[in-house]
There are 2 protein chains.
Amino acid sequence: MLNRIIMGDCVAAMDALPEKSVDLVFADPPYNLQLGGDLRRPDGSMVDAVTDDWDRFDSFADYDRFTRDWLRAARRVLKDDGALWVIGSYHNIFRVGAAVQDLGYWILNDIVWRKANPMPNFKGTRFTNAHETLIWAAKTPEARYRFNYRAMKALNEDLQMRSDWVLPICSGAERVKLDGVKAHPTQKPESLLYRVLLACTEVDGVVLDPFLGSGTTGAVARRMRRNWIGIERDAGYAAVAAERIAAVEPMDTADLEATMSARAAPKVPFGALVEMGMVTPGTVLTDLKRRYRARVRADGSLQLGRDSGSIHRVGAAAQGAPSCNGWTFWHLEQRGKLVPLDAMRQQYRERTAE
Amino acid sequence: MLNRIIMGDCVAAMDALPEKSVDLVFADPPYNLQLGGDLRRPDGSMVDAVTDDWDRFDSFADYDRFTRDWLRAARRVLKDDGALWVIGSYHNIFRVGAAVQDLGYWILNDIVWRKANPMPNFKGTRFTNAHETLIWAAKTPEARYRFNYRAMKALNEDLQMRSDWVLPICSGAERVKLDGVKAHPTQKPESLLYRVLLACTEVDGVVLDPFLGSGTTGAVARRMRRNWIGIERDAGYAAVAAERIAAVEPMDTADLEATMSARAAPKVPFGALVEMGMVTPGTVLTDLKRRYRARVRADGSLQLGRDSGSIHRVGAAAQGAPSCNGWTFWHLEQRGKLVPLDAMRQQYRERTAE
DNA sequence: CGCCATCCTGAATCACATT
DNA sequence: CAATGTGATTCAGGATGGC
């Protein structure tokens, strides 16, 4: 039952699963965009809009029925201490949020995904729609939901992770394509799922995605050694997702150990580079003279023998020095050349600059 | 009726106002926070939570009734091209947003106010709640709402203003206090209202706030020379707001002139330039790369091969594009340099300004 | 190989006045 | 009310190609 795609309607599929069997539901339902005619950029080119049938609903009432049905089914399969994540935009998220509350879930946070590179408003009629909203909810107000506070803090310069996350949209090599054409119109970035799963699940936990689409949830879950269940109605999408997920190499178990102690938390946003996939967990870093070798773990900490912690701490420990600037000390090999972490940080800053 | 505080229930007060008399409603309704017991900081000190009676509702149904009542009353007093702004947090904003949609308003954007200095989550059980959400909605999908696009772009270093706004919370000298104690628990920063009013109103427009509280909306409206109506149930808050607003010095009218949108500029037919002798019949116009050449005819039409017509039509035909702005596409040569027609139009406007 | 210019694209509720 | 004409309007990231 685990780690496979169920074809078909998500409500029926969830109803067929045993109750209280899932740790986390991550859902990216249709947004009910209600777009008008064509839209052209100022240069005359056409915007490739989401006009698929699966995003068409007759009315708000229709959409609400659909929403409540799947939310109810999801709540049944969730363990009592499990949690729900839903993503949406202003077109649908208010209806979804109200339904979440009405069905007895307890909202823990709303999270804003601030897109580093959103599509502009071409006609100058509104504000650039530069974010999407996620809702994180427990099954009940009393539930003892999982929140890996330390791992989140480690990922964020040793500061509490905030409710606004700056991440790029999914593009470039990460975007799944078929014959050069995007395989799914709304593929989510893996960095987003990485943060959600790192925050709210543990290794071997069960993650269910009722609207699997291109399979981002399954791919990240497999990479992070979580069990996954994906439900998808469209055979084409399911095939894309299956192939994509099968190609994922799970991370090394050791690298996945999210550090839970304050001591090991890195003081720098090196974790953000890991999250973005700019540095993969398990990567071996060396100094310029290749005397020391340290492994990158899932939350952005390093491990060298018995020493673990931030890139600075481990660098200092390796040399027996009182302190060390990990950004300039550690390097990784790219095409046979040693690149300092500092260069990666520079790239990161450019990609997430406001 | 304008520029004063109405004491009492906001629904009754709005129902007593003439319909279609208000340009903008800005509302900061009770959030229905549902706080449990007291919240303490790690050092044992107590967090001053919002536990006032006005923020207590018996159930979601109660809160929904309340929300729909005031949203309906607000919609009646709004002019057809007026707009609504509401601010809230995850506790209430989903219910508010669903009601906004159900009542026929048309959501234009949701805006995230990203707090520069939010209160941390002291227990480390959730993400730092670092933002609030605003909804901007027109009265109907067809409404021609006001959006000062240019002014927003100017405010953002000449880039489109995005849907995520980074602003500090209200503190320091701006925070209204009585005997050293904050006069209102949820006073909003003036910077937030400033941006909303600059984006969506004009000088002498009418702004209504059904939950005036400490009076931020009135204070900023007065400063920006907008008319305001504030409704407040609590006599204490009303007194605070009245005093605060009265102390505001309206800005100098000259400083208030915001960048005007090109759409608002008077329309100029190309023929008028020919008529004025600014462009002579027979002049050859080219695009910037000198790929196309068109002749100006006596009636202000262009000719390019077999195509003839307006500057826009011929520009579009030349490129094989569906449309074209002839003002920026076509240029004429003056002293060896290519000058866009748009520059000539600007000259024309200046010469005919009186 | 590096650098620069060019091109493509992304969950988008995307104009308005006159005839 | 529908059709037509004018004319306003874009940001960042990644890929590609030329020199």
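In what follows, every chain begins at residue 1, and chains take the letters A, B, ... in the order their sequences are listed.
Judged by distance alone, with hydrogens and angles left aside, A/Arg41 brings a side-chain donor or acceptor within reach of the base of C/dG10, the pair sitting under 3.5 Å. Counting atom types as modelled, B/Trp106 pairs a side-chain N or O with a base atom of C/dT13 as donor and acceptor under 3.5 Å. Judged by distance alone with a 3.5 Å cut-off, a donor-acceptor contact links the side chain of A/Arg126 to the base of C/dT13.
Spacing between atom CG of A/Leu39 and atom P of C/dG10 amounts to 13 Å, rounded to whole angstrom units. Straight-line distance from the NZ atom of B/Lys289 to the P atom of C/dA5: 13 Å, rounded to whole Å. Rounded to an integer number of Å, the gap from A/Gln334 CD to C/dC1 P is 14 Å. At whole-Å resolution of the value, NE2 in A/His91 and P in C/dT13 are 4 Å apart. For the pair B/Gln160 CD and D/dA8 C1', the interatomic distance rounds to 13 Å; values are reported in whole Å. Atom NE2 of B/His312 and atom C1' of D/dT9 are 14 Å apart (whole Å).
With both ends at atom C1', the span from D/dC19 to C/dC1 equals 12 Å, rounded to whole Å.
In this model, the phosphate group of C/dA17 is not approached by any side-chain N or O of B/Lys267 to a distance below 4.0 Å at OP1 or OP2.
Here the nucleotide nearest the side chain of A/Asn121, chosen from C/dA11, D/dG13, C/dC14, is C/dC14. Relative to the side chain of B/Trp327, the nucleotides C/dT9, C/dA11, D/dG7 differ in distance, and D/dG7 lies closest.
In summary, B/Asp80 and B/Lys20 engage in a salt bridge, as defined by a charged side-chain N under 4.0 Å from a carboxylate O. Taking 4.0 Å as the cut-off between side-chain N and carboxylate O, A/Glu190 and A/Arg223 count as a salt-bridged pair. A salt bridge links A/Arg162 to A/Asp164: at least one charged side-chain nitrogen sits closer than 4.0 Å to a carboxylate oxygen.
Across all strands, A/Thr186 comes closer than 4.0 Å to base atoms (heavy-atom distances). Across all strands shown, A/Lys188 has heavy atoms under 4.0 Å from base atoms, whether or not it also approaches the sugar-phosphate. Residue contacts for A/Arg40: at a heavy-atom cut-off of 4.0 Å it reaches no nucleic acid atom on any strand shown. At a threshold of 4.0 angstrom between heavy atoms, the contacts of B/Ile311 with the nucleic acid are absent.
Taking the 5.5 Å centre cut-off and the 30° plane limit, the aromatic side chain of A/Phe122 is not classed as stacked on C/dC14.
Summarising the geometry, atom CD belonging to B/Gln101 is positioned 9.0 Å from atom NE2 belonging to A/His91; distances are rounded to the nearest 0.5 Å. To the nearest 0.5 Å, atoms OG1 (A/Thr217) and CH2 (A/Trp85) are separated by 12.5 Å.
Taking for each of A/Ala173 and A/Met119 the nucleotide of DNA chain D with the nearest heavy atom, the 5'-most of the two is the partner of A/Met119.
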